[in-house]
Amino acid sequence: GVIARDFTFQNCRRVAQAIADYVKEEQIKDKKGPFSGPMVIGYDKRFQSDVFAREIAKVLEANQMHPILMADALPTPAVSYMTKKLGGLGVMVTASHNPPTYNGVKIKIDGRAALEPVTKGIESWVDRTAPTRAAEIKTKSYRDVYVQYLKSHADLSKIKAKIKKPIVIDYMHGAAIGLMAEVLKAKNLVEIRAKHDPLFGGVHPEPIEQYLSALSEAVKKNKAAVGLALDGDADRFGLVDENGKYLTPCQVFPMIVLYLIEKKKFKKKIVQSVSLGYLAERIAKEKGIPFEQLPVGFKHVAERIAQGEADIAGEESGGYAWATKGGIAERDGMLTALLFLEMMAVTGKTPSQLWKEVETRFGASHYKRIDYRIHKAVVDKALWTQKLIKKLPKKLLGTAIKELISIDGLKIVLEDGHWLLMRPSGTEPLMRVYAESDKAERTQGLLDIGHRVLDEVGLL
């Protein structure tokens with residue numbers, strides 16, 4: 001919620017007390033379960049995130065939860081990793097990619113986002129007990145632990161030996177500031193937006209094209225090999241090629257998929273959010289690998305990796321994960337950045353060449369998302385979806401509709417594989433409209449249809 005309006009110290013205390021009560025109840029059921037280890041409390045670099053995190057830790061300490069407050073602002077994946085390593089629950093104070101006025105709380109368990117039974121369980125305890133606060137709490141730095149984890153999952157020597165041109169890393173004033181320099185220790189590393197700024201330089205800390213002009217300019221100015229971007233809590237990743245051109249997640253994910261299958265010999269299912277593109281599915285089909293689309297929210301795709309069912313997971317907002325020994329089922333912007341550098345080093349190809357290979361073999365992708373602010377919440381998604389379906393023509397841009405997918409909003413898939421998706425955001429008062437086709441003008445045409453349909457049902 002909005003800081004000082006929704007996200008207040010009192011509300012943080014209420015949530016912290018609910019977490020404590022929920023964990024106590026679960027510990028009675030199973031003393032050796034996933035809540036047996038110490039709690040880890042993390043925070044990003046948003047306005048007073050560290051102070052809010054300390055307040056949460058004080059409430060948990062008063063409830064004998066023995067929390068450990070991180071001594072440094074670190075990415076959300078660092079908290080996730082520590083829950084796997086220590087066996088306790090993790091609390092991260094962050095609003096991720098959202099505007100500077102927002103803050104929030106993420107719950108982590110067993111190396112990934114808590115699923116609905118846990119979050120609903122915590123919600124059920126809100127205001128059943130009045131929160132109390134301890135005077136002292138324990139703090140500890142896990143920065144070195146996280147840095148070593150990152151180093152153990154990337155071929156750093158090959159990256160440094162093969163990539164001689166500058167590498168630009170854009171921290172977007174977020175929680176990962178300085179981490180790439182600690183992990184890679186390369187002389188050709190250029191760090192931008194690397195100072196603490198709770199206003200994020202006047203843009204949203206989201207690694208998408210409209211907010212990455214600074215990265216694009218830095219790549220061109222330094223004649224760099226690549227531009228890598230991380231969001232506010234560094235679990236999402238954005239890419240700019242050697243020419244300063246932004247590559248969408250619908251292009252980045254199939255590049256990762258193809259590399260992991262052909263070079264790393266991954267063979268299990270590929271899973272992605274319903275808002276991601278069609279190229280990964282085409283790759284899966286050619287390779288004879290199972291493929292599945294799931295609702296938006298990385299926890300859904302991550303769970304498939306955690307259960308050993310899938311090898312590779314992706315989402316439209318720039319979150320990617322893959323199964324590794326000693327790894328976690330969690331999106332991690334830093335790990336993805338390191339993987340992409342490894343891809344360049346191993347293949348000897350530039351980002352544009354890596355994309356060109358995918359495009360030549362599996363088709364073009366022109367993807368775009370437009371967000372519209374709404375003032376009327378979508379309460380009944382099923383009813384809303386049915387209203388949209390009634391307003392749809394039989395053909396879109398002259399092409400028949402092949403399939404309607406309603407697992408999260410309404411995704412309209414055409415006979416040629418092109419698609420349009422309309423869905424309300426789960427974190428902001430926004431209606432998101434997505435489309436992908438093989439031509440930019442056709443994609444825009446699909447988005448225009450989406451806008452018209454939403455207007456007809458009274459949401460815009």
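For clarity, every value in this text was computed on a predicted model and none was experimentally measured.
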Answer yes if the side chains of [X] and [Y] hold a donor-acceptor pair under 3.5 Å, and no otherwise.
X: D455; Y: Y372; value: no
X: D144; Y: Q148; value: no
X: Y367; Y: Q251; value: no
X: R432; Y: S317; value: no
X: S96; Y: D231; value: yes
X: E342; Y: Y259; value: yes

Is the closest side-chain heavy-atom distance between [X] and [Y] below 4.5 Å?
X: F7; Y: V93; value: yes
X: S157; Y: D155; value: yes
X: E436; Y: S365; value: yes
X: F200; Y: M172; value: no
X: Y149; Y: L335; value: yes
X: T119; Y: Y22; value: no
X: L339; Y: Y320; value: no
X: D235; Y: K106; value: yes

Verify the neighbour count for atom [atom1] of [X]: are there more than 12 heavy atoms of other residues, nucleotides or ligands below 6.0 Å?
X: K151; atom1: NZ; result: yes
X: K160; atom1: NZ; result: yes
X: F47; atom1: CZ; result: no

Roughly how far apart are [X] [atom1] and [Y] [atom2], rounded to 0.5 Å?
X: Q444; Y: E441; atom1: CD; atom2: CD; answer: 10.0 Å
X: L396; Y: L420; atom1: CG; atom2: CG; answer: 6.5 Å
X: K395; Y: I449; atom1: NZ; atom2: CD1; answer: 13.0 Å

Minimal non-hydrogen separation, [X] against [Y], with atom names:
X: A218; Y: V168; value: CB-CG1, 3.9 Å
X: E242; Y: P351; value: OE1-CD, 3.2 Å
X: L446; Y: A435; value: CB-CB, 3.8 Å
X: Y211; Y: H204; value: OH-ND1, 3.2 Å

Taking [X] for its side chain and [Y] for its backbone only, find out whether a donor-acceptor pair lies under 3.5 Å.
X: Y43; Y: M70; answer: yes
X: T443; Y: S437; answer: yes
X: S49; Y: K45; answer: no
X: N188; Y: I163; answer: yes
X: D72; Y: L74; answer: no
X: Y278; Y: C250; answer: no
X: K265; Y: E262; answer: yes
X: H153; Y: K325; answer: yes
X: N243; Y: K245; answer: no
X: D241; Y: S352; answer: no

Please assess D311 against K269 for the test salt bridge (charged side-chain N to carboxylate O under 4.0 Å, His left out), listing each intermediate value before the final yes or no.
CA-CA 6 Å; D311 264 349; K269 182 186 283 187; over 6 Å; no

Carboxylate-amine/guanidinium proximity below 4.0 Å for [X] and [Y]:
X: E116; Y: K299; result: no
X: R361; Y: E286; result: yes
X: D44; Y: R46; result: yes
X: D110; Y: R112; result: yes
X: K84; Y: E330; result: no

Verdict with reasoning, I3 to T101, per side chain to side chain contact (heavy atoms under 4.5 Å, CB included)
CA-CA 6 Å; I3 298 168; T101 53; 5.9 Å; no

Go through the steps to decide whether L414 and L397 satisfy the test side chain to side chain contact (heavy atoms under 4.5 Å, CB included), and finish with yes or no.
CA-CA 10 Å; L414 306 182; L397 303 180; 5.7 Å; no

Please assess R373 against D371 for the test salt bridge (charged side-chain N to carboxylate O under 4.0 Å, His left out), listing each intermediate value before the final yes or no.
CA-CA 7 Å; R373 186 158 292 276; D371 295 342; over 6 Å; no

Working note: I169 + L184, criterion side chain to side chain contact (heavy atoms under 4.5 Å, CB included); need CA distance, chi angles, decisive distance, verdict.
CA-CA 11 Å; I169 178 76; L184 195 55; over 6 Å; no

Taking it one step at a time, do K411 and E316 satisfy salt bridge (charged side-chain N to carboxylate O under 4.0 Å, His left out)?
CA-CA 14 Å; K411 185 173 186 177; E316 168 271 336; over 6 Å; no

Working note: R143 + E182, criterion salt bridge (charged side-chain N to carboxylate O under 4.0 Å, His left out); need CA distance, chi angles, decisive distance, verdict.
CA-CA 10 Å; R143 192 177 183 92; E182 290 182 44; 2.7 Å; yes

